[in-house]
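Everything on this sheet refers to the single structure shown next.
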Amino acid sequence: MSLIVQKYGGTSVGDAERIKNVARRVGESRSRGNQIVVVVSAMGGVTDGLIRLARQIMDAPPEREMDVLLATGEQTTIALTAMALQAIGVPAVSLTGAQAGIVTDGVHTKAKIQNITPKETHRLLDAGNVVIVAGFQGQTPGGQITTLGRGGSDLTAIALAAALKADLCQIYTDVDGVYTADPRVVPDARKLQEISYDEMLELAGSGAKVMQLRSVEIAKKFGVVFEVRSSLNDNPGTIVKEETRSMEKIVVRGVALDKNQAKVTLVGVPDRPGVAAKVFRALANTSISVDMIIQNVSHGSETPLTDLSFTVDKPDVEKARAAIAAFKADVGFEEVAIDQQIGKLSVVGVGMRTHSGVAATMFETLAREGINIEMISTSEIKISVLVELSKGEQALRAVHDAFLGKPDR
Ligand code: ADP
Ligand code: ASP
Ligand code: MG
C-alpha cells in the first residue's frame, strides 16, 4: 500500500463537474489499494475575486483580514470535494490547514510553514478515509489563520508529502507537465520528461507559474520527488528531482518570461561609498526583494552622480515608492522613475555550467529581433535580461526557438 499526496489546482476544481472528475480519479487511485491525501486549491478565479471584493471595501485591506477572507476559497473546495467522494461511495473527510496541523509563522499573506503535525491525517487515513486538506492556508501557534502566498497550495502538498513521508507526490494541473516554456505563449514548447530541482527553482523564480517557488525550495530541502501532470488526461507528466549527470548534456532546459516586475531608477545618486548600502538596506527592512541591479558610470566631476536601477515585484511598487521617499533626504538623489512596462526573460539549464556561448546566442537572437536589452543578470544556471514588456512574448518565442526549437536538441 502506498501513501500518495495529490494536489489539484484551481482549474482542476473549477466547477462541480471538475470536482466530480477529481473525485473519480481519487476513487480510482484508492481502489488500487492506496491511501490518499488530496490537497485542493480554491476554485479557479475565486481567490482573485475575493481580492477584488476586498479592494472594493478599502484600498489597503489589513493582511490579517485578507488571510481570513482568502482562506475561505480553499475551505469551500475541501467540503465540496469530500462530498463528491462520499457521493460515489468513497469515505472522505475534509480538513482545514489548521485541522491538518499546519503551523506557520505570523507573516500574514506570505506565511512560512514552521511544522506540520499530521496526527489527525494519519488517524483518518488509517480509518480508511481519503483526507482532503485545504491548500494555501495554515494557522499560527496562537491560532491566527494565515495564507502561504499566491500559488501556495503547491507548498501545502509538498510540505505534507514530506511530513507524511508519502511514497508519491503528484501535482495535478491544467497542463500535462512542465514544458520548455509556457505552452500558452510558446506553441512549440515541448513537455519535459524530467527537470532538476535547481532548474525548476530558477524557472519558478523567473515567472513560470506552473509551480510556486517556495514549494520547489521545500521539495529540494526535503528530497520530495514530485510529478507535475494533468487532471484531465492520463499522459505521463514531468518528474522533478535531484540533478543527475545526464541532465548536464542539455544546455538550456527551459525559458520563461516574468511580467510581474517593475524597474525602479534613482536618477542622480551621489557616487560615493555607502550609498548603495543605504538604499538596499532600506528596501530590505521593508521586506521588498530586489532582483536585478545595475549602476551606470558616473558623470560630473565635483560631486560625481550616477543612476541606480533595480527591479522589484510589481505588487511591491507602492511599498518601494514609500521606502524611497523616506530615505530621499538621507541618500540625496534627483528623482525616481518607475517603469512597469518591462518583462524579464530568462533561459535556464544546468548544462550552462559546462557549456559556453549561451549568453552570446541569446543576445544575438534578441538583436536579430530588434529587441533592446535594458539589464542583464546571470547565475550559474540562468541568464536573465530585461526587455520592453510589449516585446516580451516575441522575445520569449525567438529565444525558445534559438535554443529549444529543433526537435533533435
Ligand atoms: P494550478 O491552478 O493547477 O495551480 P497554475 O495556473 O498555477 O495551475 O499553473 C499552471 C499554468 O502554468 C499553466 O496553465 C501554464 O500556462 C503555466 N505555465 C507557465 N510556464 C509553464 C511551463 N514552463 N510549463 C507548463 N506550464 C507553464
Ligand atoms: N488559491 C490560491 C491562489 O490562487 C492558492 C493556489 O491556488 O495555490 O493563489
Ligand atoms: Mg498554481
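Each ligand, and each atom within it, is numbered from 1 in the order the structure gives. All residue numbers in this chain count up from 1 along the given sequence. As the structure is a computational prediction, the values presented were derived from the model and not from experiment.
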Can you list everything that forms a salt bridge (charged side-chain N to carboxylate O under 4.0 Å, His left out) with [X]? Sequence neighbours excluded, please.
X    : answer
E318 : R321
D330 : K278
D176 : K191

request  = Check whether any N or O atom of T173, backbone or side chain, sits under 3.5 Å from an N or O atom of ligand 1, and answer yes or no.
outcome  = yes

message = Any nitrogen or oxygen of Y179 lying under 3.5 Å from a nitrogen or oxygen in ligand 1? Just yes or no.
response = yes

Salt-bridge present (R353, E243; N to O < 4.0 Å) = yes

key: Working for side chain to side chain donor-acceptor pair (under 3.5 Å), residues D313 and Q261   = CA-CA 5 Å; D313 289 343; Q261 300 266 306; 3.0 Å; yes

ask   = How are the rings of F280 and F310 set to each other: parallel, tilted or perpendicular (split at 30° and 60°)?
value = perpendicular

Among protein heavy atoms, which sits nearest to [atom], and what does the distance come to when rounded to 0.1 Å?
atom                    : answer
atom 27 (C) of ligand 1 : V210 CB, 3.6 Å
atom 2 (O) of ligand 1  : G10 N, 3.1 Å
atom 21 (C) of ligand 1 : D182 CA, 3.6 Å

If every non-hydrogen atom of [X] is compared with every non-hydrogen atom of [Y], which pair is closest and at what distance?
X    : Y    : answer
M352 : K382 : SD-N, 3.8 Å
F327 : A282 : CD2-CB, 3.3 Å
V347 : V255 : CG1-CG1, 3.6 Å

query = Cation over ring, K328 on F333, under 6.0 Å and within 45°?
reply = yes

query = For A181, is the nearest heavy atom under 4.0 Å from an atom of ligand 1?
reply = yes

query = Which of these passes side-chain hydrogen bond (donor to acceptor under 3.5 Å, both in side chains) with K7: T173, D154, T156?
reply = D154

query = Are a donor atom and an acceptor atom from the side chains of Q170 and Q6 found within less than 3.5 Å of each other?
reply = yes

Find all atoms of ligand 1 within a distance of less than 4.0 Å from any non-hydrogen atom belonging to [X], and give their numbers and elements.
X    : answer
R184 : 13 (C), 14 (O), 15 (C), 16 (O)
V178 : 24 (N)
D174 : 10 (C), 11 (C), 13 (C), 14 (O)
G177 : 24 (N), 25 (C)

message = Distance under 4.0 Å, heavy atoms only, partner ligand 2: which residues pass?
response = S41, A42, T47, E74, F136, R150, G151, G152, S153

Structural part of P183 in contact with ligand 1, heavy atom criterion under 4.0 angstrom = side chain

ask   = Any idea which part of V175 is under 4.0 Å from ligand 1, heavy-atom wise: side chain, backbone, both or neither?
value = side chain

task = Return the option from M43, K209, K7 holding the heavy atom at the smallest distance from atom 4 (O) of ligand 1.
result = K7

